[in-house]
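Structure record follows, encoded as structure tokens.
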Amino acid sequence: MKAWAAVVLLLAAGPAWAHPAPFSYIDISVRADGVDLALVAHVFDIAHDLGIEQAQKLLDPEFVGRRSADIATLLQPRFHVDLDGRSAVCRPSSSAEIVEARQSIRVRFTCATERTGSIPGTVAVGVLMFPYDPAHQTFLNVYEAGSLRAQAILDAGRTRFEYFSGGRQGALAVVKKFVPAGIHHILIGPDHLLFLVGLLLLGGSIRQLLLVVTAFTVAHSITLSLAALNVVSPPARIIEPAIALSIVYVGADNLLVRGGRDVRAWIALTFGFIHGFGFANVLREMELPARALGWSLFSFNVGVEIGQLLVVVAVASALAAIRARNEVAGRRLALAGSLVVIAAGTFWFIERVFFSGGTL
């Protein structure tokens with residue numbers, strides 16, 4: 001809040017009608033059935049978009065009274081609110097007010113959907129206030145139960161912010177978002193999938209395969225949480241090539257093993273730590289909600305595990321069926337598959353080190 005107060009002081013201290021700083025402000029108060037929204041925009045920007053030559057006229061109460069509807073009509077399409085994934089209808093709840101200290105105008109809106117009766121689990125705000133000015137920024141405050149809960153700065157490069165409310169509705173909203181995200185990530189991540197497939201190629205009992213999957217899960221869950229909490233955050237330029245090397249190792253181990261002790265669970269555990277950092281890089285891009293960090297980490301991990309189980313069941317069942325029909329074909333498939341795993345891992349390693357800025 002101190003930084004935002006400094007911005008306000010800069011605005012007030014600027015020259016009278018030069019555009020001192022391209023800022024607007026939105027305060028959102030979450031309540032049952034919807035949100036209340038207060039939008040504060042500089043008179044310079046409003047005058048520009050309404051074609052008013054003298055911006056100082058917007059500090060004249062009589063003039064603003066006559067143009068209040070025009071101001072609300074101008075500002076209303078510049079933001080959009082979704083409540084629990086449903087588009088909310090926002091209507092002005094007051095006439096335009098002069099905020100002389102900021103050389104600005106405030107307009108209040110109420111936003112609601114047809115669904116009523118409870119606090120929304122998610123409040124998503126999309127904002128692009130004054131497109132004519134590419135440097136324009138909107139400072140967003142979200143309040144719940146009278147307390148400031150979240151802040152964000154939106155601009156042309158980042159036009160959307162999502163807030164998860166407290167309580168059961170917010171927790172459910174987090175689960176609904178991050179479980180599918182975890183499933184989606186594991187199913188579209190060819191490197192993580194190939195690592196798993198490589199571990200399954202030699203087959204084994206249900207107990208052996210369960211140990212492999214459990215070891216991988218425990219390891220990547222630990223490093224995923226540590227990285228998401230910014231306790232340990234190794235750079236992607238190291239992690240991504242290391243993931244590729246883990247795939248090469250798994251394929252090579254399949255070719256070198258000769259009926260000795262099955263160490264695939266240890267391999268999964270060791271390299272699972274590295275893969276967890278890879279998951280965290282994706283999760284970090286999703287902007288984890290600070291108030292629901294635990295739920296989001298848990299939900300994403302659950303999604304990853306669901307995706308893994310889908311892959312493990314499908315691949316292990318197919319390999320077991322092939323071996324049951326023809327043991328020789330099963331061994332040949334394991335050999336060919338391991339060579340493919342090594343080739344793919346080698347390709348990704350070279351690509352990530354020499355063509356993607358990565359380095360070991």
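Nothing here was measured: the structure is a model prediction, and the numbers come from that model. Quick note: residue numbers are just sequence positions, from 1.
Side chains of V232 and T223 form no contact here, defined as non-hydrogen atoms less than 4.5 Å apart. Contact annotation: the side chain of L58 approaches that of I71 to within less than 4.5 Å [non-hydrogen atoms, C-beta and beyond]. Considering only heavy atoms from C-beta on, D36 comes within 4.5 Å of T110 through its side chain. Residues M129 and D45 are not in side-chain contact: their nearest non-hydrogen atoms beyond the backbone lie 4.5 Å or more apart.
Considering only residues two or more places apart in sequence or on other chains, D70 meets the salt bridge (Lys or Arg N to Asp or Glu O under 4.0 Å) condition with R67. Under the salt bridge (Lys or Arg N to Asp or Glu O under 4.0 Å) criterion, D191 pairs with R352, not counting sequence neighbours.
Within 6.0 Å of the CD1 atom in I188, the count of heavy atoms belonging to other residues, nucleotides or ligands exceeds 12. Annotation for F273: atom CZ counts as buried by contact number, over 12 foreign heavy atoms lying within 6.0 Å. Heavy atoms of other residues, nucleotides or ligands lying less than 6.0 angstrom from OH of Y249 number 12 at most. Heavy atoms of other residues, nucleotides or ligands lying less than 6.0 angstrom from CD of E327 number more than 12.
Taking both residues in full, the closest heavy atoms of F44 and A55 are given as CA-CB, 4.2 Å, listed atom of the first, atom of the second, then distance. Contact detail for P92 and F109: the closest heavy-atom pair is N-CD2, 3.5 Å. G307 and I186 make their closest contact through CA-CG2, 3.3 Å (heavy atoms, listed as atom of the first residue, atom of the second, distance). Considering all non-hydrogen atoms of both residues, V107 and S94 come closest at CG1-O, 4.4 Å. Contact record, F195 with S246: CD1-OG, 3.6 Å, taken as the closest heavy-atom pair. Heavy-atom minimum distance, H136 versus F23: CE1-C, 3.6 Å.
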TODO: In sequence, state the C-alpha distance, the side-chain angles, and the governing distance for Y163 and I28, and then conclude on side-chain contact (heavy atoms from CB on, under 4.5 Å).
DONE: CA-CA 10 Å; Y163 170 77; I28 289 180; over 6 Å; no
Task: Criterion side-chain contact (heavy atoms from CB on, under 4.5 Å) on F130 and H42, from CA distance to verdict - done: CA-CA 10 Å; F130 296 101; H42 199 277; over 6 Å; no
Open item on the list: Could you go through L255 and L339, starting from their C-alpha distance and side-chain angles, then the distance that decides it, and tell me whether this counts as side-chain contact (heavy atoms from CB on, under 4.5 Å)?
Closed with: CA-CA 8 Å; L255 297 180; L339 292 173; 3.8 Å; yes
- [ ] Give the intermediate values and the outcome of side-chain contact (heavy atoms from CB on, under 4.5 Å) for residues R264 and L209.
- [x] CA-CA 9 Å; R264 287 178 296 171; L209 297 182; 4.2 Å; yes
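Taking the ring centroids of F271 and H275, they lie at or beyond the 6.0 Å cut-off.
Looking at S68, its side chain never comes within 3.5 Å of a backbone N or O of V64 through a donor-acceptor pair. Looking only at distances, no side-chain donor or acceptor of D82 sits under 3.5 Å from a matching main-chain atom of G85. Formation of a donor-acceptor pair under 3.5 Å by the Q76 side chain with backbone atoms of C90 is found in this model. A donor-acceptor pair under 3.5 Å is absent between the side-chain atoms of R323 and the main chain of G330, judged by distance alone. N141 places no side-chain N or O within donor-acceptor distance of the main-chain N or O of L148, the cut-off being under 3.5 Å.
Looking only at atom types and distance, the side chain of S165 has no donor-acceptor partner in the side chain of E144 under 3.5 Å away.
D84 has no carboxylate O lying under 4.0 Å from a charged side-chain N of K176, or vice versa, which leaves the two without a salt bridge.
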